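Following: one structure in structure tokens, then a few remarks.
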Amino acid sequence: MNYQFHWVSLVVLLCGLGWMVLTRLVPTPIIVVAPGFPLPALEFATANGSTVTTSHGRPQILSLWASWCPPCRAEIPVVAALAPSLATRGIDVILVNQGETPADAQGFLTSQQITLPVWYDPQGLLATAVASRDLPTTVFVDASGVVRLVYRGPVSPDVLTNMANILTIGGQP
Amino acid sequence: MMPLITLGPLRLSSYGICIVLALGLWWWWGARRIPATANIDSDGVLFALAIGAWLGGRIGYVLGSVAIWPQLANLRALEFSWPGALLGAAGALLLYHWWRPFALATFLDALTLPTLCAQAIGAMGLWLAGMAVGVPWQGAWAVAQAGAWRHPVQLYEAGIAVLVAAWCLLATRMLPSIPARWWLLGGIALNWLISEGFRADALTLTGGIRVIQCVGLCLLIVVSERVMMTVRLRGSST
């Protein structure tokens with residue numbers, strides 16, 4: 001009877017491990033959200049206390065970040081460096097802070113001389129809307145308000161450039 | 001689908017409504033299944049359990065999603081993780097038992113079916129609200145969610161909970177020597193192991209192994225050992 005006791009548990013263990021390996025997530029930083037996912041109207045605060053709402057009309061790159069998040073601190077200068085060229089193509093780049101106050105975030109922005117517009121999302125509404133559980137996350141929204149790509153993890157200049165082409169010219173991510 | 005109803009300061013989403021329904025059913029049914037002879041202050045224990053489950057669920061939900069840590073302080077929100085809720089409830093149960101000892105085993109056996117039904121209702125709420133994202137898939141019963149066709153992972157969780165509840169009903173008649181609480185724990189562990197495997201937004205370890213699957217497998221091994229020990233003891237005594 002002792003043998004049966006061990007064998008059953010061993011079979012359970014091996015089957016469980018097999019299933020876990022079979023279903024493991026491929027460790028890539030990207031989860032693509034296909035076209036056709038409209039970004040809901042969300043309201044955010046700005047540093048001067050006013051509120052802004054997500055709007056259509058121009059393509060937007062929304063970068064979800066927090067000052068305590070090391071990958072975000074590495075990513076934001078990359079995004080900021082490309083922002084002027086993106087602006088000339090009619091694309092707005094906006095930093096959407098997750099869960100902090102302007103006082104918390106301003107120190108980092110000042111130290112990095114970041115002058116991009118910053119929206120404050122104390123309840124993580126945007127993260128919830130795009131089903132993202134990671135920071136940083138970058139959301140690419142076209143001029144009609146449709147989310148074209150949700151990029152989880154630090155975004156590279158290549159991804160920004162490719163997505164800028166898709167947002168302005170068209171095509172698939 | 002979110003929110004469905006706005007009531008003053010409250011915005012009730014389909015998920016929130018399902019969670020309230022699940023907790024209500026769990027409390028009402030659980031209180032009626034506890035035998036009067038067990039002399040358990042059922043309302044007191046269920047209240048402690050509900051508080052523990054809510055706190056654990058909220059903390060577990062937020063800790064598992066770095067981008068939504070700020071939502072921890074949003075007390076009006078009801079989204080929570082089932083594993084967190086179970087751990088919170090277990091902590092509250094042990095604390096209450098330490099404070100005022102009661103027939104813990106009898107209590108857990110009585111709560112088996114209500115807990116599984118509450119899990120199924122909560123998972124249906126996840127589905128209605130479009131939460132818990134499945135991995136992309138193009139199969140026959142794929143659902144459109146977050147811009148892609150995906151596994152309906154919430155329905156898998158609800159379905160497994162219902163199947164485990166049916167198995168509990170059968171097993172308590174066919175194998176009366178094995179207490180229902182072990183089927184409950186085993187069923188929950190099996191559900192985590194299977195349904196979590198279809199989630200795209202799971203908290204993962206290095207190599208893409210999902211944390212909840214690891215917890216589920218460990219719990220399943222414990223239950224397996226316990227059930228086999230009971231079977232062995234029964235066999236040796238007859």
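Bear in mind that the values here come from a model prediction, so they are computed numbers and not experimental data. Within every chain, numbering begins at 1; the chains are lettered A, B, ... in the order of the sequence lines, protein sequences first and strands thereafter.
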Worksheet item: Between B/L193 and A/G16, which heavy-atom pair has the shortest distance, and what is it?
Response: CD2-CA, 3.8 Å

Worksheet entry | Per-residue contact mode, A/L17 against chain B (heavy atom under 4.5 angstrom) | both

Worksheet item: Checking B/L217 against chain A: side chain, backbone, both or neither under 4.5 Å from a heavy atom?
Response: side chain

Worksheet item: For B/C214, is it the side chain, the backbone, both, or neither that has a heavy atom closer than 4.5 Å to a heavy atom of chain A?
Response: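 B/C214 touches chain A through backbone and side-chain heavy atoms alike.
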
Worksheet entry | Separation between CE of A/M20 and CD1 of B/I212, rounded to the nearest 0.5 Å | 10.5 Å

Worksheet item: Taking atom CZ of B/R226 and atom OG of A/S9, what is their separation to the nearest 0.5 Å?
Response: 13.0 Å

Worksheet item: Going by the side chain to side chain donor-acceptor pair (under 3.5 Å) test, which pairs reach into residues 103-112 of chain A, not counting sequence neighbours?
Response: A/T101-A/D104

Practice prompt. Would you tell me whether B/E196 and A/T23 have side-chain atoms, one donor and one acceptor, within less than 3.5 Å of each other?
Written response: no

Check residues 172-179 of chain B and write down every donor-acceptor pair under 3.5 Å in which the side-chain atom is one partner and the other belongs to a residue at least two apart or another chain.
residue, atom, partner, partner atom, Å
B/T172, OG1, B/C168, O, 2.9
B/T172, OG1, B/L169, O, 3.0
B/R173, NH1, B/L169, O, 2.9

